[in-house]
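A short write-up of the structure that comes next.
In what follows, residues are counted from 1 in the order of the sequence shown.
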Amino acid sequence: MNPQVDRPLRILVAEDDAALSVMLSYNLEAAGHAVMPVDNGLDALREVTEWKPDLVLLDWMMPGLSGVDLCRRLRMATATRYLPVIMLTARGEEHDSIHALDTGADDYLVKPCGMDVLHARVRAVMRRCAGRGAADQHADVLGFADITVDHGGRRVTRGGSTIALGPTEYRILLHLLRNPRRVFSRAEILAAAWDDRIHVEERTVDVHIRRLRLALNANGGADLIRTVRSSGYMLDDGRVD
């Protein structure tokens, strides 16, 4: 049993459909969870800060601040970067589901959904997110292969040699280091490394990845950034654990 998964949770339900909010809250409370319902994005943002939920059920479209924009804000902030988020959307088309995930949501549910499905998705998301980010939240040093980042001092080294990186390349490297051997799409890298108030084309990621590669490989080291065709990029040393 994983205590992070099976313990009662504090769940923020951000949903402006009153009937659906009541149904979600009732069923989650019946399962032993504490629930805080809100009906707009600005109240949701406030309660994330003040109530500190373990999980957010987030409606795609809400007054004040949309679920998409709120999710982006949560992923940009250090304190909520790893907060589990399940997006609730009435949109069933595949590209909308992909957009929800690219925004930073951990999973999505198409409304209306069965309560058994809801509980299963909550358990699955909490399993996947258990311990996520613990290493870099409680330590200043991240590493992979021969790359080390002293996050507190913003110092990057490879094989003991200092690497000079621009701020965007630094943020991209941090994002890849937190999840080595995982493929990230250009949209995911954009969300992690750029302010969402600034419009940036996805292909701009390629330019900064190229700069990051040049800096990391300047002393002849192996290229640890792998391009996955039609998917994105990953940090990979070729080892099979």
Has [X] got a side-chain atom pairing as donor or acceptor with [Y]'s backbone, closer than 3.5 angstrom?
X: S66; Y: M62; result: no
X: R10; Y: W51; result: yes
X: R203; Y: R186; result: no
X: H33; Y: L9; result: yes
X: T157; Y: T162; result: no
X: N40; Y: D43; result: yes
X: R178; Y: L142; result: no
X: E188; Y: S185; result: yes

I need the minimum non-hydrogen distance between [X] and [Y], along with the two atoms involved.
X: G67; Y: L58; result: O-CD2, 3.2 Å
X: G32; Y: P8; result: O-CB, 3.3 Å
X: N27; Y: H119; result: O-CE1, 3.5 Å
X: M126; Y: P84; result: SD-CG, 3.9 Å
X: A222; Y: N217; result: O-OD1, 3.5 Å
X: R75; Y: V85; result: NH2-CG2, 3.6 Å

note = The salt bridge (Lys or Arg N to Asp or Glu O under 4.0 Å) partners of R229 (sequence neighbours excluded) come to none
query = Who pairs with D223 by salt bridge (Lys or Arg N to Asp or Glu O under 4.0 Å), at least two apart in sequence or on another chain?
reply = R213
Does some side-chain heavy atom of [Y] sit less than 4.5 Å from a side-chain heavy atom of [X]?
X: V183; Y: Y233; value: no
X: L42; Y: L70; value: no
X: M234; Y: L176; value: no
X: M36; Y: I11; value: no
X: P180; Y: D236; value: no
X: I209; Y: E169; value: no
X: R181; Y: D237; value: yes
X: L28; Y: V13; value: yes

query = Can D150 and V156 be said to form a side-chain contact (heavy atoms from CB on, under 4.5 Å), step by step?
reply = CA-CA 6 Å; D150 178 352; V156 180; over 6 Å; no
Once rounded to the nearest 0.5 Å, what's the spacing between atom [atom1] of [X] and atom [atom2] of [Y]?
X: C71; Y: W60; atom1: SG; atom2: CH2; value: 10.0 Å
X: L216; Y: S161; atom1: CG; atom2: OG; value: 12.0 Å
X: R210; Y: I225; atom1: CZ; atom2: CD1; value: 12.0 Å
X: L214; Y: L165; atom1: CG; atom2: CG; value: 11.0 Å
X: H208; Y: R171; atom1: NE2; atom2: CZ; value: 9.0 Å
X: L55; Y: L12; atom1: CG; atom2: CG; value: 9.0 Å

query = Stepwise, does the side-chain contact (heavy atoms from CB on, under 4.5 Å) test hold for I189 with I172?
reply = CA-CA 7 Å; I189 295 173; I172 292 174; 3.9 Å; yes
request  = Applying side-chain contact (heavy atoms from CB on, under 4.5 Å) between R121 and each of D106, L109, L57, report the one that passes.
outcome  = L109
query = Which residues, ordered by chain and number, are linked to V22 in its hydrophobic cluster, where ILVMFWY side chains connect at heavy-atom gaps below 4.5 Å, directly or through other members?
reply = none
query = Under a 4.0 Å N-O cut-off, is there an ion pair linking K111 with D17?
reply = no
task = Take Y108 and V110 through the side-chain contact (heavy atoms from CB on, under 4.5 Å) test and state the conclusion after the steps.
result = CA-CA 7 Å; Y108 66 92; V110 177; 4.2 Å; yes
Derivation and outcome, side-chain contact (heavy atoms from CB on, under 4.5 Å), residues V149 and R155 = CA-CA 6 Å; V149 175; R155 182 169 180 263; over 6 Å; no
